[in-house]
Amino acid sequence: MTLPHTIIPVPAQVELAGAGSFAITAATRIVVDAGSDEAAWIGEHLAGILRPATGHPLPVSADADAAGGTIALRIDPGNEALGEEGYALTISPDSVRLAASRPAGLFRGVQTLRQLLPAQVESEQSVTVRGPWTLPAGVIVDRPRFAWRGAMLDVARHFFTVHEVKQYIDALALYKINVLHLHLSDDQGWRIEITSRPRLAQVGGSTQVGGGPGGFYTQAEYAEIVRYAQERYITVVPEIDMPGHTNAALTAYPELSCGRRPPEPYTGIEVGFSALCVDREDTYAFVDDVIRELAAITPGPYLHVGGDEVETLSHDDYARFIERVQEIVDRHGKRMVGWEEVGKAALRRTTLVQQWKGDSAAAAVRHGARLILSPASKVYLDMKYTPDTEIGLDWAGLVEVRDAYDWDPAAFLQGVGEADVIGVEAPLWTETVKNLTAAYYLAFPRLPAVAELGWSPASARDWESFRLRLAAHAPRWHLLGINYYRSPQVPWER
Ligand code: TNX
């Protein structure tokens, strides 16, 4: 079977007619709309991808007319049908035109263009011998099925540096993921500086699973991650997990614990034992300090407050706590996101509920909340692929590539349809994940599977086609330094 293309996620509409191709040569220019900083940045981003491997200069300029030999990037707000992130890519032998109604769509389209070129385009060295750098003539019109296509990285169990997070963001961008959920606090570590509560990072940040040194982001470093993600049209959603998963915070401020358990640094991987003292007013002053500072440094509309796995509180105490936190998040101008347990509380219609283990999230839908689907048995990237996988957990089962790919978010939960689902997200919990190499091994190839699940129309998705396209991405990952699991379900190319 020869594939017409190997694009992941598969576009909504593709017509590659076979009528010739456009060659990127020493004379090719990139032209962008005059007066648009974002288009100029996206043009430079494209040039930055193409220049090293092709060795061509590829100047970016704001010329009005796109003559022959140009790749034109155009933002046309009139093109409403393309929505926030859609794009239309038209390739003919003498020019390439990429049009979108919003800059985010242009950026997504650039990733498609990138994937239409040979994998060697990802090389950092000129490999002109691998040319010609041709794009097949045709038309691609594409837009996402779901608005939320997320990846979560747990930087609490093991700390990841700013540089490592940026590398993960680069991998997300290639697959049109648009949300990076950062799990910033847990029993084993607190990872964000809160200036009004300095001990959180200083004391709570000094541990991690296995006893390593931990670490935290200063607010400036966090802002740097947010900016890097924003440049790739990825929204950062920070999570401070509460009222459970708070042992690290309690080691910093023991008075918040009601003396429930003497807070000692924790470097194991059990869950469910810690909780903030929900009936003390001090606790809400603490929550307000944290949420206020986090809201101020987070341009995106969402703050995730966790809410999972609290085994030490009554149903009512838990629900009251979540309702007060929801009010605080609202007061600081953000929308709350919580793990499915928050459905025990009275939720606002603007709140998002993240399903992960069961069907309790379906109840939240009846109250008007929308769901992010992250079923552990399908998309938890920390689950082992097979019994032999050297890292990862298996409490939700083994998750091979096909398991991650072959399901439909709009048919997964009883009573939860397409309109109730804002999208899908693939969490990577890091109890067993010490570094980026290990993170990539678990994320690839399941993350591209989830990316396609979230972006592509159900009618365009097909396991047989996906596994062949996936196979063609391996050479790209080799050049990008992305480690991956060579699943026997995929006929990998060298
Ligand atoms: C469950 S998923 C958790 C996490 C663990 C994960 C390990 C969720 C909301 N809570 O605390 O890291 O399982 O797979």
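Atoms within a ligand are numbered from 1 in the order they appear, just like the ligands themselves.
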For Met383, the ligand 1 atoms whose distance to one of its heavy atoms is below 4.0 Å: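 So the answer, numbered in order with elements, is 14 (O).
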
Geometric N/O contact Asp382 with ligand 1, under 3.5 angstrom: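 Yes, Asp382 has an N/O under 3.5 Å of an N/O on ligand 1.
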
N or O pair under 3.5 Å between Trp395 and ligand 1: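 The answer is yes, given that Trp395 and ligand 1 share an N or O pair closer than 3.5 Å.
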
Heavy-atom neighbours of Gln414 CD exceed 12 at 6.0 Å: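 Open: at most 12 neighbouring heavy atoms sit under 6.0 Å from CD of Gln414.
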
CZ (Arg232) with more than 12 external heavy atoms under 6.0 Å: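 Result for CZ/Arg232: enclosed.
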
Pair Gln219-Glu293, side-chain donor/acceptor within less than 3.5 Å: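 Yes, Glu293 and Gln219 have a side-chain donor paired with an acceptor closer than 3.5 Å.
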
Polar contact flag, side-chain donor to acceptor under 3.5 angstrom, Gln208-His158: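 Absent: no donor and acceptor within the cut-off.
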
Region of Leu393 engaging ligand 1 - heavy atom pairs below 4.0 Å: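 Side chain only.
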
Lys357 and ligand 1 - part of the residue with a heavy-atom distance under 4.0 Å: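 None of Lys357 does.
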
What protein heavy atom sits nearest [atom], and how far off is it?
| atom | answer |
| --- | --- |
| atom 8 (C) of ligand 1 | Asp308 OD2, 3.3 Å |
| atom 11 (O) of ligand 1 | Arg157 NH2, 2.9 Å |
| atom 2 (S) of ligand 1 | Tyr380 OH, 2.4 Å |
| atom 5 (C) of ligand 1 | Glu431 OE2, 3.3 Å |

Row check, Phe146 ring normal vs Arg149 NZ/CZ: under 6.0 Å, within 45°: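 Because its charged atom misses either the 6.0 Å distance or the 45° angle limit, Arg149 does not stack over Phe146.
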
Please tabulate, for the side chains in residues 487-494, all donor-acceptor contacts under 3.5 angstrom to protein atoms that are two or more places apart in sequence or on a different chain.
unit_1, atom_1, unit_2, atom_2, d
Ser487, OG, Glu400, OE1, 2.9
Ser487, OG, Glu400, OE2, 3.4
Ser487, OG, Gln489, N, 3.0
Gln489, OE1, Val401, N, 3.4
Gln489, OE1, Arg402, N, 2.9
Trp492, NE1, Ser487, O, 3.0

Side chain to side chain, Gln230 and Pro299, heavy atoms closer than 4.5 Å: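 Contact flag for Gln230/Pro299 side chains = yes.
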
